[in-house]
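One-based numbering along the sequence shown. Ligands are counted one by one from 1 in listed order, and the atoms in each one are counted from 1 as well.
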Amino acid sequence: MTLPTSTAELRALDAAHHLHPFSDTKSLNAEGSSVIVKAEGVWLTDSDGNRILDGMSGLWCVNVGYGREEIVEAVAAQMRELPYYNTFFKTTHKPAIELAAKLAELTPKQFNRVFFTGSGSESNDTVIKLVRRYFQIKGKPEKKIIISRHNAYHGSTVAAGSLGGMAPMHGQSAVIPDIVHIAQPYFWGEARQGETPDEFGLRTARALEATIDALGEDRIAAFIAEPVQGAGGVIIPPATYWPEIARICRERDILFISDEVICGFGRTGSWFGCETFHTEPDILVMAKGITSGYMPLGGVMVADRVVEVLLEGGDFNHGYTYSGHPAACAAALANLDIMQRENLVGRVANDASPYLKALWSTLADHPLVGEAPMLGLLGALELTPDKIGRTKFPDPGKVGMLARDFSFKNGLVMRAVRDRLIIAPPLVICHGEMDQLVASVRKTLDDTHAELKRMGWVH
Ligand SMILES: *Cc1c(COP(=O)(O)O)cnc(C)c1O
């Protein structure tokens, strides 16, 4: 068969045979998907030749931007040499060896060992088995509850989806036992009237301590959290939150898991989000930016004090065919090389983030915008009919989707989470592109405002 070339025919074929993730496929098929055909730097091109600025780095992963020949070359060379071999049965290979050593160098000092996976979800499934195994070996098998947070995202397999706090996901699939969710540090959405961000941050953090006490420390294995919740809507915690969580984790006999699938590899202006917030995780979860999305790869870094115990436990009965896939490891190595050579982490901290944040925060003056926070290259805009009362629009998600669709038409990929718009552009985005991004967002806000007036939702 030869693939048709017109957008209409491509859409029809897609609709006939493709079930899309996290989509209402019936309404998507009626509307038609955008067909993305190529990309360069921060720009996507669709099948009609439109250029669109990728404000989401694909799915939070294309940190070094599109079109990096070095990564393509490294993968091709590795595939010629050794396209695949496993790491299960007393074998290993050079790309896995080199990447493991590289990750030990780049991650905080407590980390010297990695378990490779193929994705963030597989990494978190690995984490669940690993922390429970750790306490089994220590003779405390009843310590198996993992505390997570509402509106957290930790992946989409049955176990990772259970670990996450996405109610719409839990509603459609069985959840695994021994996972408990506590409040998230979402000031705009969940603070009490009159509460300051600092007070709210402390109160929310202390829910961890209260939950440990209520369930019994002898039953809790770990606490897992994203430094900044990504899929939940770029929830940047108040300044008091992480220091208080760090104190609680230090005082209690539980493991702290930092899910760095989005925050890792420069996104927050440090190599890892835990460095930005000065926490000390025992386990660090990676995927997405590790290869900038050029190949699928994930990994779990395990701190030395945890490894010491695991090494006493004999076989760890867990692994994936593609754990440490050679071509994926080669992509990661070339990607990390680019990040270091171009000092992308320093660039985010000292140049890109301050520049974009200054522009982004001006959007807070728009009548629809309740808050416009940004950390590193993670930004959000809370849309509201009433900034002072922090009220929500009726039919949550409708206004967000309206704005997101305007944004696509205005040449910018933004994502809507409920009525919160979010961005996470590639770390290489230049000043001129950031100017365009923010101008495009302002136009989208104006278009959305005009439409809401027409609908009678605002005055
Ligand atoms: C995307 C994501 C995952 C899941 O990664 P997949 O590669 O999609 O399985 C896990 N945790 C966080 C924080 C994520 O953003």
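- Near Ser119, the atoms of ligand 1 lying under 4.0 angstrom from a non-hydrogen atom of the residue are 7 (O), 9 (O).
- Of the options Gly164, Gly120, Gly273, Ala287, the smallest heavy-atom separation from atom 6 (P) of ligand 1 is shown by Gly120.
- A salt bridge does not link Lys392 with Asp419: every distance from a Lys NZ or Arg NE/NH1/NH2 to an Asp or Glu carboxylate oxygen is 4.0 Å or more.
- Among Glu226, Gln229, Glu260, Lys288, the residue whose heavy atom lies nearest to atom 15 (O) of ligand 1 is Lys288.
- At least one cation-pi condition fails for Arg113 and Phe115: the charged atom is not both under 6.0 angstrom from the six-membered ring centre and inside a 45 degree cone around its axis.
- Counting the atoms of ligand 1 from 1 in the order shown, those under 4.0 Å from a heavy atom of Ile262 are 15 (O).
- For atom 8 (O) of ligand 1, the closest non-hydrogen atom on the protein side is Ser121 OG, 4.3 Å.
- In Tyr153, the parts holding a heavy atom less than 4.0 Å from any atom of ligand 1 are both the side chain and the backbone.
- A salt bridge does not link Glu98 with Lys102: every distance from a Lys NZ or Arg NE/NH1/NH2 to an Asp or Glu carboxylate oxygen is 4.0 Å or more.
- Every atom of ligand 1 with a heavy atom of His154 under 4.0 Å away is listed here by number and element: 10 (C), 11 (N).
- Minimum interatomic distance between Pro108 and Phe272 (heavy atoms only, all atoms of both residues): CD-CD1, 4.1 Å.
- Regarding atom 11 (N) of ligand 1, its nearest protein heavy-atom neighbour is Asp259 OD2, 2.8 Å.
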#### Entry: Check against salt bridge (charged side-chain N to carboxylate O under 4.0 Å, His left out), Glu244 and Arg247
CA-CA 5 Å; Glu244 186 67 358; Arg247 173 191 69 76; 2.7 Å; yes

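- Each of Val75, Leu297, Val62 was checked for a side chain to side chain contact (heavy atoms under 4.5 Å, CB included) with Thr291, and the lone residue meeting it is Leu297.
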